[in-house]
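First the structure, in the form of C-alpha cells, and then the observations on it.
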Amino acid sequence: MKLVVGECLVDLHPAREPAENSAESADAGEAVETGVGVGGAAAYRRRPGGAPANVAVGLARLGAPAALWTRVGDDGFGDFLAERLDAAGVPDRFVERDPDAPTGLAVVGRDADGDRRFSLYLDGTAATRLRPGGVDDALAAVSWLHVGGVDLAYEPARTAVFDLLERAPADATVSFDPNARPSLWTAFDYADTLDRALGLVDVVVASPEDVAPAGYGGDADSETALAAALTGAGPHTALVTRGGAGAVAVSTPEAPWGAATVEHAGFDADVVDTTGAGDAFTAGAIAALSAGRDVDAAVRFANAVGAAATTAEGAMTALPTRDEVDRLLDR
C-alpha cells in the first residue's frame, strides 16, 4: 500500500477567473463571498488542493492509487474535500474529520508578474491536528510512504509526522517534499527540521527554492550538484525540479534502482497554469519508481506528468491520467 501524509485544503481562487472545463466547473461550485480585501477579491471559487492531497490524487489518476492520511474539518469545506477525494479514487480510511477545528484554506492570488501566490490559513485548523497513532494498524502494510513538509511547521501534526517517519517499515521506501513556505515557520526552525527529516527518508523531491532557506545549494554550481549534496544528508535519491526546464536526479549505490546521475530537459506544453505541476511531478516519480523503473525513466515520466498538468487550470483538477501522459511521451 502507498500512503501519502499531509494537508488537504480548500484553495480559494478569485471568482473572476472562469472555470475553463467541466471538471473545474464541478469543483468550483458557488462563489464564496469573503468581503473585499481578503486576497484582493470580493468573492472566490473553491477548488480542492494541498500538496500531499494533490500527490495522492495524482497517483490515483496514474493507476497507482494511494491512501491519504489527512485531517479536514467537520464543516462544509470538509464535506467538499471528502467528496472530491472520493470521486478521485482516494480511499477515505485515513481521511479524518475534526469536530473542533475548521478546514484549512489557501487563498490564491497573482503577483505583479502574473504568477500565482498562496496565502495559507492553517494555524489552528484541522490540517495541523494529525495525532500520533492515526495509521498504527496499517503501517506494516505500507510499501511507499510519502510525506509533505507543511505539517512539520505545526504541532501536533509535527510530532505525528516525525513519529510516523521513525516507525516506517524497514522495507518501505519513504519520500519527502519539503514544500518550503517561509511564512509558516514561526514556532520551529526550518533548517533544523529539514535536516531531521532528510535523515529519516530515502527519497527527496524538491526545488532549489525549497532547500535554500536551510543552507543547501549555496555552494552548488548546478542542480545536479545540489541533488548530490542532498543525498549526503541522508536520502539515497534526490530529485531536484527546475520548472519548465525539467529536472535532475542523483541516486547512490544504496538506492534499490542503483546509482545514477540523470538530467532531463522536460517537455514542451501549451501552458495554461503551473499550479500543482510540482505535485504532479512528485506523483509521477513515485508511480514510476515504485513500479520498478530506473531513475532515468522515472525522471522522464515525472517530467511528462508535470508538463501535462500545466495544460489546464487548477492543481488537483488538472492532474493528468496515464493515457494523457503516455500521449505526451509518444510525441
Separation between OG1 of Thr173 and CH2 of Trp257, rounded to the nearest 0.5 Å
5.0 Å

Salt-bridge present (Asp79, Arg97; N to O < 4.0 Å):
yes

Backbone of Gly78 reached by a side-chain donor or acceptor of Thr103 within 3.5 Å:
yes

Can you name the residues that form a ring pair (Phe, Tyr, Trp, His ring centres under 6.0 Å) with Phe94, not counting sequence neighbours?
none

Separation between OH of Tyr121 and CG of Leu105, rounded to the nearest 0.5 Å:
9.0 Å

Polar contact flag, side-chain donor to acceptor under 3.5 angstrom, Asp195-Tyr190
no

Qualifying residues under side chain to side chain donor-acceptor pair (under 3.5 Å), relative to Ser251, sequence neighbours excluded
none

A side-chain contact here means heavy atoms from C-beta on lying under 4.5 Å apart; do Leu289 and Trp144 qualify?
yes

Please tell me whether His13 and Arg47 have a donor and an acceptor in their side chains that are separated by less than 3.5 angstrom.
yes

Taking the side chain as every heavy atom from C-beta outward, state whether Leu152 and Phe188 have any atom pair closer than 4.5 Å.
no

On a heavy-atom basis, which atom in Ala283 and which in Leu59 lie closest, and how many Å separate them?
O-CD2, 3.3 Å

If the threshold is 4.0 Å, N to carboxylate O, is there a salt bridge linking Arg322 and Asp326?
yes

One thing to verify: whether Arg181 and Asp210 come together as a salt bridge, which I'm taking to mean a side-chain N less than 4.0 angstrom from a carboxylate O.
no

Side chains of Arg167 and Leu164 in contact at under 4.5 Å (non-hydrogen atoms)
yes

More than 12 heavy atoms of other residues, nucleotides or ligands under 6.0 Å from CG of Asp330: yes or no?
yes

Taking the side chain as C-beta and beyond, is there a heavy-atom pair between Val150 and Leu184 under 4.5 Å?
yes

Salt-bridge contact Arg71-Asp98 (side-chain N to carboxylate O under 4.0 Å):
yes

For residues Leu9 and Leu122, determine if any side-chain heavy atom of one lies less than 4.5 Å from a side-chain heavy atom of the other.
yes

Grab the two heavy atoms, one from Gly148 and one from Pro52, that are nearest each other, plus how far apart they are.
CA-CG, 4.1 Å

Looking only at side-chain N and O atoms, does Thr321 offer a donor or acceptor that is under 3.5 Å from a partner on Asp323?
no

When every non-hydrogen atom of Pro156 is compared with those of Thr128, the smallest separation belongs to CD-O, 3.3 Å

Output yes when a side-chain donor or acceptor of Thr310 lies under 3.5 Å from a complementary backbone atom of Thr274, and no otherwise.
no

Any donor-acceptor pair under 3.5 Å linking the side chain of Arg300 with the backbone of Leu329?
yes

Hey, what do you get for CG (Asp202) to OG (Ser175), rounding to the nearest 0.5 Å?
8.5 Å

Report yes or no: do His236 and Thr252 form a side-chain donor-acceptor pair below 3.5 Å?
no

Please check if the number of heavy atoms outside Asp136 that lie under 6.0 Å from its CG is greater than 12.
yes

Is any side-chain heavy atom of Pro208 less than 4.5 Å from a side-chain heavy atom of Glu223?
yes

Can you tell me if Asp137 has over 12 outside heavy atoms packed within less than 6.0 Å of its CG?
yes

Hey, is Glu166 close enough to Arg196 for a salt bridge, meaning N to O under 4.0 Å?
yes

State plainly whether the residues Arg131 and Glu155 are in salt-bridge range, i.e. N to O under 4.0 Å.
no

